[in-house]
**Student:** 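Pasting a structure below so you can have a look.
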Protein chains: 2
Amino acid sequence: MNATGTAAEDRVFAALANATRREVLRLLRERGPQAVQALADHFEMRRPSLSEHLRVLREAGLVSEQRSGRQRIYRLEAAPLAEVQDWLHPYERFWRDRLRGLGDLLDRMPDDGES
Amino acid sequence: MNATGTAAEDRVFAALANATRREVLRLLRERGPQAVQALADHFEMRRPSLSEHLRVLREAGLVSEQRSGRQRIYRLEAAPLAEVQDWLHPYERFWRDRLRGLGDLLDRMPDDGES
DNA sequence: AGGATAGGTAGGGAATCACCTACGCGTCAA
DNA sequence: TTGACGCGTAGGTGATTCCCTACCTATCCT
């Protein structure tokens with residue numbers, strides 16, 4: 001039983017499929033947890049739009065919020081990204097093989113016995 | 001000059017944000033290059049819908065097609081996935097730190113000198 | 001209490017998505 | 001050459017995305 005259903009993966013990848021949201025993650029990574037206002041300063045869009053992006057990130061589990069007075073401090077939550085890396089893992093040999101010059105061998109052969 | 005613009009990243013993540021397309025990638029990874037028909041057998045949807053998914057994957061650079069008679073053989077192209085892994089890399093310490101019990105330290109400190 | 005500040009929600013509009021059916025085009029086989 | 005097969009494209013529909021402006025709530029300050 002994997003805790004990561006297909007719907008959760010959808011949400012994470014969809015959340016990452018937007019430059020604004022990836023930029024939010026980068027800001028939280030490089031400068032630590034921040035209030036919405038501080039984040040909003042880096043974007044041209046209106047704040048309600050950013051709020052929606054933050055909601056998408058929250059629902060994907062990529063950020064968490066903590067109330068502090070009238071501020072909401074957003075923090076990076078990397079667990080879903082770790083799961084993305086796990087998802088990526090079985091594909092690794094496809095680019096490693098290719099870099100080594102073995103390329104177009106395994107991936108050209110149908111039924112290469114992965115099961 | 002990075003060959004991966006933000007639009008290209010958008011396309012890759014958006015392509016991955018769909019269970020059918022991720023399943024296509026898995027099939028190509030586990031069973032090698034395949035014609036559309038063989039892929040279509042694994043899904044309930046009509047073939048034209050699958051064709052559109054294949055177009056999305058193609059435009060993201062995740063698959064390539066090679067004509068063979070009246071068939072189109074689709075092959076996994078892992079290069080964009082390697083770039084996803086590169087994108088992921090600076091986030092790694094966030095889940096590694098947390099696993100080690102160092103968690104909530106670096107990522108709670110603003111301005112931890114990443115630059 | 002009254003005003004300013006932080007940030008979310010409501011609702012609308014253009015664009016895109018994900019599915020469908022109908023059809024067109026190239027290839028192979030009789 | 002006629003017909004079947006493999007696969008893409010056209011075009012339509014309902015749902016979702018991403019932006020906006022308005023508005024609401026909660027907190028802080030005086």
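Chain A is the first sequence line, chain B the second, and so forth, proteins listed ahead of strands; every chain is numbered from 1. Since the model is a prediction, treat every value here as computed from it, not as a measurement.
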**Student:** Any side-chain N or O of A:Q71 below 4.0 angstrom from OP1/OP2 of C:dA6?
**Tutor:**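 No, outside the criterion.
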**Student:** Using a strict threshold of under 4.0 Å (side-chain N to carboxylate O), is an ion pair present between A:R11 and A:E59?
**Tutor:**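 Between A:R11 and A:E59 there is no salt bridge, as every charged N stays at least 4.0 Å from the carboxylate O atoms.
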**Student:** Can you tell whether the side chains of A:E23 and A:R21 come within less than 4.0 Å, N to carboxylate O?
**Tutor:**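 Looking at A:E23 and A:R21, the cut-off is not met.
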**Student:** So, is B:R72 close to the D:dG6 phosphate, meaning a side-chain N or O under 4.0 Å from OP1 or OP2?
**Tutor:**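 Indeed not, no polar side-chain atom of B:R72 lies that close.
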**Student:** Can you tell me if A:N18 touches the phosphate of D:dT17, counting only side-chain N or O atoms and a distance under 4.0 Å to OP1 or OP2?
**Tutor:**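 So the side chain of A:N18 is outside the cut-off, no N or O lying under 4.0 Å from OP1 or OP2 of D:dT17.
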**Student:** Round to a whole Å and report the spacing from CG of B:L54 to P of C:dC17.
**Tutor:**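 After rounding, the gap between these two atoms is 16 Å.
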**Student:** Measuring to OP1 and OP2 of C:dC17, would you say a side-chain N or O of B:H53 lies under 4.0 angstrom away?
**Tutor:**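 Checking C:dC17 against B:H53, no side-chain N or O comes under 4.0 Å of OP1 or OP2.
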**Student:** Without decimals, in angstroms, what is the distance between A:Q34 CD and C:dG7 C1'?
**Tutor:**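 Interatomic distance, CD of A:Q34 to C1' of C:dG7: 16 Å.
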**Student:** With a 4.0 Å cutoff (strictly under), does any side-chain N or O of B:R67 reach OP1 or OP2 of C:dT27?
**Tutor:**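 So the side-chain polar atoms of B:R67 never come under 4.0 Å of the phosphate oxygens OP1 or OP2 of C:dT27.
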**Student:** Hey, which sits more toward the 5' end of DNA chain D by its nearest nucleotide, B:A38 or A:A17?
**Tutor:**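 Nearest-nucleotide comparison on DNA chain D picks B:A38.
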**Student:** Enter the distance from A:Q85:CD to A:E92:CD here, rounded to the nearest 0.5 Å.
**Tutor:**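 Reported to 0.5 Å precision, the distance equals 7.5 Å.
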**Student:** Check whether any side-chain heavy atom of B:F13 sits under 4.5 Å from a side-chain heavy atom of A:V12, and report yes or no.
**Tutor:**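 With C-beta onward as the side chain, the pair stays apart.
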**Student:** On DNA chain C, does the nearest nucleotide to A:L50 precede the nearest nucleotide to B:R70 from the 5' side, or the other way round? Give the residue.
**Tutor:**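 Between the two, 5'-proximity favours A:L50.
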**Student:** Looking at A:Y74, I'd like to know whether one of its side-chain N or O atoms comes within less than 4.0 Å of OP1 or OP2 on C:dG8.
**Tutor:**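 Checking C:dG8 against A:Y74, a side-chain N or O does come within under 4.0 Å of OP1 or OP2.
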**Student:** Does a side-chain N or O of A:S51 approach OP1 or OP2 of C:dG8 to a distance below 4.0 Å, or not?
**Tutor:**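 Checking A:S51 against C:dG8: at least one side-chain N or O falls below 4.0 Å of OP1 or OP2.
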**Student:** Nearest-Å distance, CG (A:L39) to P (C:dA6)?
**Tutor:**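 Distance check: A:L39 CG to C:dA6 P gives 13 Å.
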**Student:** Working to the nearest 0.5 angstrom, can you tell me the gap between B:S64 OG and B:R75 CZ?
**Tutor:**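 Reported to 0.5 Å precision, the distance equals 5.5 Å.
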**Student:** Any base atoms under 4.0 Å from B:A14, or only sugar-phosphate, or nothing? Heavy atoms, all strands.
**Tutor:**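 Answer is nothing: B:A14 stays at 4.0 Å or more from every strand.
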**Student:** Between A:G69 and A:E52, which has a closest nucleotide on DNA chain D that is more 5'?
**Tutor:**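 Of the two residues, A:E52 wins.
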**Student:** Please report the distance, rounded to the nearest Å, between CD in A:E59 and C1' in D:dT17.
**Tutor:**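 Atom-to-atom, A:E59 to D:dT17, this comes out as 13 Å.
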**Student:** Select base, sugar-phosphate, or nothing to describe what B:R47 touches, counting heavy atoms under 4.0 Å on all strands.
**Tutor:**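 Base: the residue B:R47, judged by heavy atoms under 4.0 Å, touches a nucleobase.
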**Student:** Phosphate oxygens OP1/OP2 of D:dC20: is one of them under 4.0 Å from a side-chain N or O of A:S49?
**Tutor:**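 Yes, A:S49 has a side-chain N/O under 4.0 Å of OP1/OP2 on D:dC20.
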